[in-house]
Amino acid sequence: MHYFFQRFVFSLLSLFILTLITFLLSQVVPGDPAIVAAGPNAGAEKIELLRSEMGLDKPLTQQFLIYVGKLAQGDLGKSWFTHQPILEDLIRELPPSLELVIIAMIINLMISLPLGLWSARYNDTRFDSSVRLFAMIGAGLPIFWTALILQNVIGGELQLLPIAGRLSFEYRAFEGHTGFFLLDGLILGRPDIFFDALKHLILPAFSLSLLFTAVGLRITRTAMISEFQKDYVLLARTKAASEPRIMFKHVFPNGAPPSLTVFGMQFGWMLGATVLVEEIYGRPGIGRYAVKAVTQSDIHAVVAVVLVVGVVFLLANLVVDLLLYILNPRGRMDK
Amino acid sequence: MAQVSEKLNLKEEIILDVENYSVGLKKIKKSIVEAVSFSVFKGEIFGVAGESGSGKTLLTLSMFGLHNASHLNTGDVSFDLSKIIQSGVRVIQTKKLALRIGFILQDPFSSLNPSVKIGKQIGEAIYLAQGKKPKSIENRSLVYKLLSEVGIPDPENSYEQYPDQFSGGMRQRIVIAIALSQDPDLLIADEPTTALDASTQRKIIDLIIDRSRQRGLTVILVSHNIALLQATADRIAVMKSGKVIDIFDPKKIKLNELNSYTKVLFDGLKNVKKRSRTEQKQQDASSLPLIEMKNIQKSFASRILQRGGNFSLSNINLEIFPGEVVGFLGESGSGKSTLASIITKLSIPNGGSYSYKGQNVFSFKKSEIKQFKSDVQMVFQDPYGSLNPRYNIRNAISEALLIHKPDLSKPSREERIIQLLTDVGLDGSAMEKFPHEFSGGQRQRIAIARAMSVDPEMLVCDEPLSSLDVSTQAQILGLFSNLLKLKKIAMIFITHDIKVAQILCDRVYILSNGQIVEQGKTQQVLTSPRHNYTSKLIEAVY
């Protein structure tokens, strides 16, 4: 229990540092936000008015307190361009991206864990060499390039999967409750929606995950190889334990922690990389939103995205730490 | 091998028959173990002796398919009358044999799964061998029975604990319980006590022998310690460079029939001459101690504590006089290395006073620290780890000279290096070579030469022999004795080996749990110990 508490406090502390950084981020951006927000034709009075409205005339610490207070109420500010509350934008843009990242993560786990374990077991065989080759190629391909190639070949030439969007044209009017179309499809009892959304996710999710899978695979393989060399594996063999038993009951739980730690971080990185596939596959999402905000100098929106990605990153790591604790009941991280 | 036929006459049954067996490694197909033949009889304890690299582990593990990197070349092996290897091809798979063979491995710290309760690990073995479900009451009560049989206290509670909650000796007992749970016909123990302290070592060996005799088990006991095998085994096979050079019954040794190498192993340190009394520096009561420590304390945050060892020190008082050889004796975790690191100023104690030549070490100025670091030199346990692999020997030694004796000219530095190498039994040609081109013993010689290069007042040697083979140990010990004759130098010799202390040291400090429990003249302490712990150490020696 002590461990959970420690992790929780640590996450809160990280969250505080994150808000501080995002706040400072909005301060160091060059240009007077009030002038930018007022537009090119505004007079000095209008700018002054906006400045006090935006709280820009108060001391920095006070501005930070106001910022934190607003954050606590879920108020991320207004976009200076759309004049919409940013929270609403995020509620609209985050689910498609999260959906994409979760599916990409599932693909990542489903490939890198078993393949890593198997290639460690059959270390230095032809199978292992081909896995390593795959990992090397995967790690070397840029995400946007993979996305373009898959879109062209599988979506375009072979016409096996849709090339863009979240749903097919006939479902364009569909609106779910949660914004996660897979989940909505299930809740509303619409398997057609579920499968249609899934079909649209496969190519972007795979493109997004390939690079991360390659890294996860290598780390899993290395960790598992060092476990296979330990004497307890030999002892298990002398107990006449079957190979699957040795692999799943003995080696896997001991070799998984390093990979899990990496997967936790990858979740955050993936969210940051969604823009690359969202642009190519014409999907709405937080990545595209962020790029738009940056190009329009919409600083509040940019800060909000940074904050949200950071929070997701922290949450993913918290989940991983709890998983590690479950896998290692002795809490070996104490050492 | 006259003994083998002798035994056959007694019509004992053979459980393991090895004929002309050769095995190499996957990467180098050439045989490392070559054309080995021997038989093991039912119910006997068969010792396999040899120094590191002689192929004893490869031989025993590869026969049963438990050596991952091995590559069978030729030969036949039968186990209990059925062939398991025929002409270098495995005909019975490991899994079919596994239940009939119990294994005890060298390192108890890695031979148990760290994330599974020890009770469950024994239970798994019972389940796989006898089919009793892991969660059944029957299985659990068998585990309890085994735990108490191997001497684990409080089986009910121990069942629920994880390996890292046990000491090395206790873990080895758990491994023994796993081996016994399968009710095997043959028990293979590969250096089962090498990773353990001397006093634990004896108990574990006794346990293995006792339980095996009770059950009529056949045991193959692999060890580099021939004295241990002599005390326990019915027959001993001696291996050297992948060949079995001798098989004999230790109770009926005919010395003239033994290979000369076996005799070297047997003699071990026996023939190393003790430093004679006259050589031992007469301690002048009036002379100033080189080093004086009073009430030294050192404690660590609990995170550093591992493997049950408590490396903290309390209440250390000691004096070392110029030209004196002092031994620090104790088991692992007793704090001897921590003490050495304080003496060499590599770590700083939490309390107490420490003076060198009457001066407070903690208030040294920069120049004094430099002088101190040149006066006090160290020789480490692992000679390979302590030499930079990218430096040839000339560079390795001149580095120290350049720092501490910068005014030496190049030719005289060169001359000095050659002299040093000669002093330690090497010659000038060694200068151009790199550490990997030397054997372990030669590397230790180089490390000693390097330490001696700056004319130190004192040499601190931290287990300088323990990574070396017995025959090499004797040579390095001889080298130390010679050096002490040549130069007036004080020496601290850290060791767990009483025999080494007897040969070399004028005085010993016995350390246990971070305290000095006894001290005095070596002869006196080791012949009539006053402290319990000292007697325990002495009794544990084979």
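By convention in this document, chain letters (A, B, ...) are assigned in the order of the sequence lines, proteins followed by strands, and residues within each chain are numbered from 1.
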Subject >> Contacts of type side chain to side chain contact (heavy atoms under 4.5 Å, CB included), residue A:V215, not counting sequence neighbours >> reply: A:I219, A:Q266

Subject >> Proximity breakdown for A:N123 and chain B, heavy-atom pairs closer than 4.5 Å >> reply: neither

Subject >> salt bridge (Lys or Arg N to Asp or Glu O under 4.0 Å) partners of residues 121-130 of chain B, not counting sequence neighbours, each pair once >> reply: A:K239-B:E124, A:R245-B:E124

**OP:** Could you check which of B:N113, B:L128, B:I126, B:L105 has the highest count of heavy-atom pairs closer than 4.5 Å to chain A?
**Re:** B:N113

Subject >> Mutual orientation of the aromatic rings belonging to A:Y67 and A:F23 [parallel < 30°, tilted 30-60°, perpendicular > 60°] >> reply: tilted

Original post:
Heavy-atom distance under 4.5 Å to chain A: side chain of B:Y127, backbone, both or neither?
Top reply: side chain

**OP:** Would you check if there is a donor-acceptor pair between the side chains of B:N73 and B:Y21 at a distance under 3.5 Å?
**Re:** no

**OP:** Go through the atoms of B:S110 and report whether side chain, backbone, both or neither lie under 4.5 Å from a heavy atom of chain A.
**Re:** both

